[in-house]
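Below, each value reflects all heavy atoms present in this structure, side chains not excepted, and no hydrogens, waters or symmetry copies. Just so we're on the same page: letters track the sequence lines, and every chain starts at 1.
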Amino acid sequence: MFGPQAVVAEHFRTVSKTLIWILLCILAPAVGCTPRTKVMHDHQESTTQPASVLSGRLTVTGSSTVAPLVAEIAKRFEARHAGVRIDVQTGGSGKGIADARNGVADIGMASRRLKAGERDLVAHQIAADGVGLIVHRDNRVAELTAAEVVDVFTDRSNNWQEVRGLDLPITVVHKAEGRATLEVFLNHFSLANPQVRADVIVGDNQHGIKTVAGTPGAIGYVSIGAAEAAIAGGVPIRLLPIDGVAATSAQVAAGAYPLTRPLNLVTAGGLSPLARAFVTFCQSEDVHDTVVSQHFVPLAN
Amino acid sequence: MMIQTESLGVQYGSSIAVRDATLSVETGRITAIVGPSGCGKSSFLAALNRMTDLLPDAHVTGRVTIDGTDIHGESSSPHDLRRRVGMIFQKPTPFPMSIRRNIQLALREHGMRERAALEATTERVLRDVGLWDEVCDRLEASALQLSGGQQQRLCMARALALEPQVLLLDEPCSALDPIASERVEALIRELRGRYTMLIVTHNLAQARRLADHVAVFWVRDGAGVIIEQGPAARVFDAPRDPTAAAYLAGVQG
Amino acid sequence: MSRRTARIASVRERLTAALIWCVAVVVLGLLGWILVDVIVRGADGWSLSFLVAEPEDAGRAGGIGPIIISTFLVLAVTFAVSVPLSLATAIALTERADRAALDARLVRRCLDVLAAVPSIVLGLFGNAFFCVALGMGYSILAGGLTLACMVLPIMIRTTEQALAAVPDEYRLAAAGLGLNHTSTLFRVLLPAAAPAMAAGIVLGIGRALAETAVLIFTAGYVVRMPESLADSGRVMSVHIYDLAMNVPGGSAQAYTTATVLVVMLLLINTVAVALLRLAGFRHVAGGREA
Ligand SMILES: Nc1ncnc2c1ncn2[C@@H]1O[C@H](COP(=O)(O)OP(=O)(O)O)[C@@H](O)[C@H]1O
Ligand SMILES: [Mg+2]
């Protein structure tokens, strides 16, 4: 008379209640202990192993622009050294610098030069990224002078007619506070952020490209590598030259293009053998193909 | 004397719902409690199995003994008391689970674990309330799928499964249609003698048909009191209290 | 006169009905549009190997196998912690004599504040507290725990409402059968409230699956197959965000991943309903019909 469904239901109830208790019991100690013992374990490993055989674990944090590149390089590095694990985390250049400084990370990533107050750290450049002004493909304007760029971004010019273009309002696409490209841009044109009268605030390169591509009167600035890739993919945008230098990867690599930013690994103090080996690997020619495939410009050695 | 209340009082905060209610209920008999709404019938009933304990501001005074033991005494727990004194509410309250589980839930709680015993009890009480033939092939179905009358009989079966000595029925028929009501009434009649029953009802004809004893509640000075009690025939044919007489004659209330 | 009133009433009724229909159609249309858009764009890259393979070339090629696993692990930690916690809190808030007591009001107020905390703030808190202060580092455990903090308010609220919605008659009837407080709670009230609580959990899963800011700072960015809860693991929403925002040419894969996410949500929903049925809770959901 006792149906199978009743039995199943009964079991389900008991099992689920037991499960919850087991999970609670497992999680309660895990919260406190597991990771800490792990960290200690790693330290022992890296100190007792002979220096020639690379093994251990590195944490790299920072710029979300650099992170995909370093993650790819790390994968290749891990493939060459079986005992190595490199965890790449993001959170912005600021976080990379802070984490490297206070030791939360072994290596930081920053998509900008170190500032005056950051001289306690060492920057290891692994690639360059040019920042280019972009407009919609249908925009007739061939080039803007530095003064004109400042006028446009501070709303002194509000129509493309004023800078040899069509009768079309100018939509200024600006980056959100804290973006590395924003700092590069403001530095180059000697602007302070509050001066800029933005019509649209975007997060990062892809966001900026999408916005400009969708607005015929827009102007913005993004990584040249990202813009070149988008243009190759048919996105209707165009890069403007700066000071007469075309905004191309080649010009960035040659050092001729003025509006560039370095992609850096950042370290503080003495490097472990593993960290040193990884930094060297990131700067080597072995990874140039990876740099290019991430739309950045490799360093000429 | 099975149930004896002595100067039983129930109050909610400062408002008195029942005052000075003294009543004797004989074993195996049906006692009907009648009276207009709000005169404390439900409160009186709730005090008999300590359901009043659950209401935060309810306070009970006086004494209730069942078979000579004080229900508020040291040795009696409300859970055991409620097992011995079952309660049926006006609105059928089957739990949202299968018919089988509705009956077996409290049985398990009170220590019956054996599957065979559980199944046997389930069948016995469902037969007792005349529900077995209607539901024996769908004990796994939700109790909420039953009709109102079936639900009420299921609730009675659920209470009977605990083998109580007393059943408190608080207007068990007033939420049911006439035919379902008739069935539940017939069921109560069949259970006469096996259980001591107190039934609150607004249906005077039903009280007359069922009851061995009758108690009439009324509001006096803002509190419910018993104004008339005694054997059913005597109370209905020759009430002593004039208000009760008018009420039972259908003039008032 | 009365005829006129009747006619006006009927016109008004029809207008209201039309309005409700319009809104319903707009909402459904919008939802359908988003779904179709995501699925159409994502369908190209869709294949079985996409579900199991490791990502290549910063996610532009390969699949999302480890990412799916990490997502499930983070969700498992989140709900292993938040379900019992929210249940306990909701019971403490509901199953007491005085539902409006000072401490209960205080707890509710705190939960409302917690619910209003922007997820980026919660992410930074999780990073500072779980990753750094408790030494968990970027890990699935830290991500799951931070996410648990995020879904806790909604889960407690839905559980509390589910429990409060159980009619008091059940409590009285249970007491009338001599059930003690604990049995009443576990055998009557919780089963009765289970479907609504399950809905709360599914809602919570929805929010958790969509969360990026919290997890980028806690569970992290690593795409390796996780070996334990102490490993960092990238979840699907973070992967989608990274592909769409930081990886030039990653948007196709972002859409494919989004499609997987949508399908996963639908699946979780279906499985939740099926599990509830299996557990015998159909008695409430089924109602009187059939
Ligand atoms: N839980 C309660 N809290 C406060 N007052 C109540 C409560 N239950 C009943 N009362 C009051 O007690 C009086 C008697 O009610 P009740 O016992 O339900 O009467 P009856 O069942 O005869 O209609 C009424 O005035 C009612 O308002
Ligand atoms: Mg009543």
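Between B:L162 and C:L177, the shortest heavy-atom distance links the atoms CD1-O, 3.5 Å. Nearest heavy-atom pair across B:T93 and C:E169 is CG2-CB, 3.5 Å. When all heavy atoms of B:F95 and C:Y170 are compared, the pair lying nearest together is CE2-O, 3.6 Å. Heavy-atom minimum distance, C:A175 versus B:L54: CB-CD1, 3.2 Å.
A heavy-atom distance below 4.5 Å is found between the side chains of B:R101 and C:R187. Between B:R82 and C:L179, the closest side-chain pair of non-hydrogen atoms is not below 4.5 Å.
For C:L267, the CG atom is densely surrounded, since the number of other residues' heavy atoms within 6.0 Å is greater than 12.
Looking only at heavy-atom pairs under 4.5 Å with chain C, the residue among B:M87, B:R83, B:H110 that has the most is B:H110.
Neither the backbone nor the side chain of B:P78 has a heavy atom closer than 4.5 Å to any heavy atom of chain C. Proximity to chain C involves both the backbone and the side chain of B:R158, based on heavy atoms less than 4.5 angstrom apart.
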